[in-house]
Amino acid sequence: MQQIPTITPEKRAKQARRHNSSCPELWDLLDEVKDPEIPVLSLWDIGILKDIEKSESGVCVTITPTYSGCPAMDEIKEDIVAQLNQHGYEQVQVKTVLSPSWTTDDMTDEGQDALRAYGIAPPKDAPQGCIKKQTPMANVKCPHCGSTNTVRISEFGSTSCKSLFKCNDCHEPFDFFKNI
């Protein structure tokens with residue numbers, strides 16, 4: 001029987017790299033490094049941690065930004081190096097790649113749930129049929145009360161990867177993490 005894939009081939013390959021890695025302890029250590037803008041998300045959960053390679057010369061960590069001009073990338077690199085140095089890995093290189101570009105498909109389901117619990121509507125809470133790369137005008141599920149009686153106030157929220165919405169039922173504003 002043929003199985004219908006529920007994740008993209010790229011996401012499956014990324015999960016396989018982690019699962020088959022010769023250095024699982026490094027993946028676990030970097031799960032403790034959080035996104036500086038959304039401190040409930042690990043680099044893995046938000047999907048910017050792409051690969052980790054360990055060799056005799058040191059550790060090379062590959063990351064990709066959510067946006068090419070993401071202002072948090074320097075801090076993320078410093079946090080990765082500090083985390084690995086703290087656990088005895090002296091030679092650490094952090095490589096940033098722009099291709100393939102990050103998409104919301106790279107986020108884990110756990111990460112999207114953590115976003116909602118933090119008060120940010122995750123991409124999967126966009127209205128059904130939402131066209132990827134277009135921010136919906138309304139009906140994003142409110143992370144505070146669960147209503148879909150919502151409206152977009154601004155294309156840009158607290159950061160450029162988010163839009164600002166307002167719930168018409170609980171009257172709370174909230175960020176929506178864009179579906180990219």
Side-chain angles (χ1 to χ4, degrees), residues 3-19 27-28 30-50 63-76 79-80 96 98-180:
Q3 291 187 343
I4 298 173
T6 57
I7 61 174
T8 64
E10 294 81 15
K11 189 171 187 173
R12 182 184 313 274
K14 187 176 130 190
Q15 289 176 343
R17 274 194 305 275
R18 181 174 182 153
H19 181 73
W27 292 90
D28 293 342
L30 291 185
D31 280 343
E32 297 174 27
V33 178
K34 304 298 182 190
D35 181 306
E37 294 175 342
I38 309 169
V40 296
L41 294 179
S42 70
L43 302 181
W44 174 257
D45 283 335
I46 198 168
I48 64 173
L49 179 58
K50 295 293 186 183
I63 59 175
T64 190
T66 55
Y67 278 82
S68 60
C70 177
M73 293 308 289
D74 288 340
E75 187 173 345
I76 290 170
D79 291 348
I80 289 170
T96 301
L98 300 178
S99 178
S101 62
W102 176 90
T103 77
T104 49
D105 292 337
D106 293 333
M107 296 177 76
T108 64
D109 286 340
E110 295 80 12
Q112 294 208 35
D113 292 342
L115 269 178
R116 186 182 309 104
Y118 190 63
I120 299 172
K124 69 180 180 182
D125 285 353
Q128 222 171 26
C130 172
I131 299 171
K132 203 167 193 170
K133 297 184 180 179
Q134 291 188 2
T135 306
M137 294 298 294
N139 306 114
V140 169
K141 187 176 175 182
C142 174
H144 305 295
C145 72
S147 171
T148 57
N149 181 17
T150 62
V151 63
R152 186 176 78 190
I153 296 172
S154 173
E155 176 67 23
F156 297 99
S158 59
T159 61
S160 58
C161 57
K162 297 177 220 139
S163 294
L164 183 61
F165 277 75
K166 179 183 176 193
C167 179
N168 293 322
D169 288 335
C170 72
H171 305 288
E172 289 291 328
F174 64 91
D175 275 335
F176 165 66
F177 204 102
K178 294 177 183 174
N179 193 7
I180 300 170

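Put simply, OG on Ser42 and CD on Glu110 are 9.5 Å apart, with the number rounded to the nearest 0.5 Å. Here the straight-line distance linking atom CD of Glu172 with atom SG of Cys145 works out to 9.0 Å at 0.5 Å rounding. The distance from atom OG1 of Thr159 to atom CG of Asp35, rounded to the nearest 0.5 Å, is 9.0 Å. Of the inter-residue distances, the one linking Lys50 atom NZ with Asp106 atom CG reads 3.5 Å to the nearest 0.5 angstrom.
Using bins of under 30°, 30° to 60° and over 60° for the plane-to-plane angle, the ring pair Trp44/Trp27 lands in the perpendicular bin.
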*Take Lys178 and Glu155, measure what side-chain contact (heavy atoms from CB on, under 4.5 Å) needs, and give me the verdict at the end.*
CA-CA 9 Å; Lys178 294 177 183 174; Glu155 176 67 23; 3.4 Å; yes
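Using a distance-only test at 3.5 Å, with no hydrogens or angles considered, a donor-acceptor pair links the side chain of Thr104 to the main chain of Ile180. Without hydrogens or angle criteria, Ser154 side chain to Leu164 main chain gives no donor-acceptor distance under 3.5 Å. In this structure, Lys166 contributes its side chain and Ile153 its backbone to no donor-acceptor pair below 3.5 Å. Put simply, the side chain of Asn139 gets close to the backbone of Thr148: a donor and an acceptor are under 3.5 Å apart. Between the side chain of Arg152 and the backbone N or O of Thr135 there is at least one donor-acceptor pair closer than 3.5 Å.
Residues Leu43 and Asp79 form no side-chain contact, since every pair of their non-hydrogen atoms from C-beta on lies 4.5 Å or further apart. Proximity of Ile76 to Pro36: side-chain heavy atoms (C-beta onward) are separated by under 4.5 Å at one or more points. In this structure, the side chains of Asp113 and Lys124 come closer than 4.5 Å at one or more pairs of heavy atoms. In this structure, Ile48 and Pro65 have side chains that are not in contact, with every pair of non-hydrogen atoms separated by 4.5 Å or more. In this structure the side chain of Glu10 never reaches within 4.5 angstrom of the side chain of Asp105, judged on heavy atoms. Between Glu37 and Thr66, the closest side-chain pair of non-hydrogen atoms is not below 4.5 Å. You'll find the side chain of Met107 reaches within 4.5 Å of the side chain of Trp102, heavy atoms only.
Comment: Lys34 does not engage Asp45 in a salt bridge, judged by the lack of any side-chain N to carboxylate O separation of less than 4.0 angstrom.
When each of Asp175, Thr150, Val151 is checked for a side chain to side chain contact (heavy atoms under 4.5 Å, CB included) with Phe165, only Thr150 meets the rule. Between Phe177 and the options Asp125, Val140, Ile46, a side chain to side chain contact (heavy atoms under 4.5 Å, CB included) holds for only Ile46.
What you find for Pro123 and Leu115 is that their closest heavy atoms are CD-CD1, 4.4 Å. Residue Gly111 comes nearest to Leu41 through the heavy atom pair O-CD2, 3.2 Å, listed as atom of the first residue, atom of the second, then distance. For Cys161 against Tyr67, the heavy-atom pair with the smallest separation is CB-CE1, 3.0 Å. Contact between Pro136 and Phe176 at its shortest, heavy atoms only, is CD-CE2, 3.8 Å. Nearest heavy-atom pair, His144 versus Cys170, reported as atom, atom and distance to 0.1 Å: CB-SG, 4.2 Å. Contact detail for Ala121 and Pro143: the closest heavy-atom pair is N-CG, 3.9 Å.
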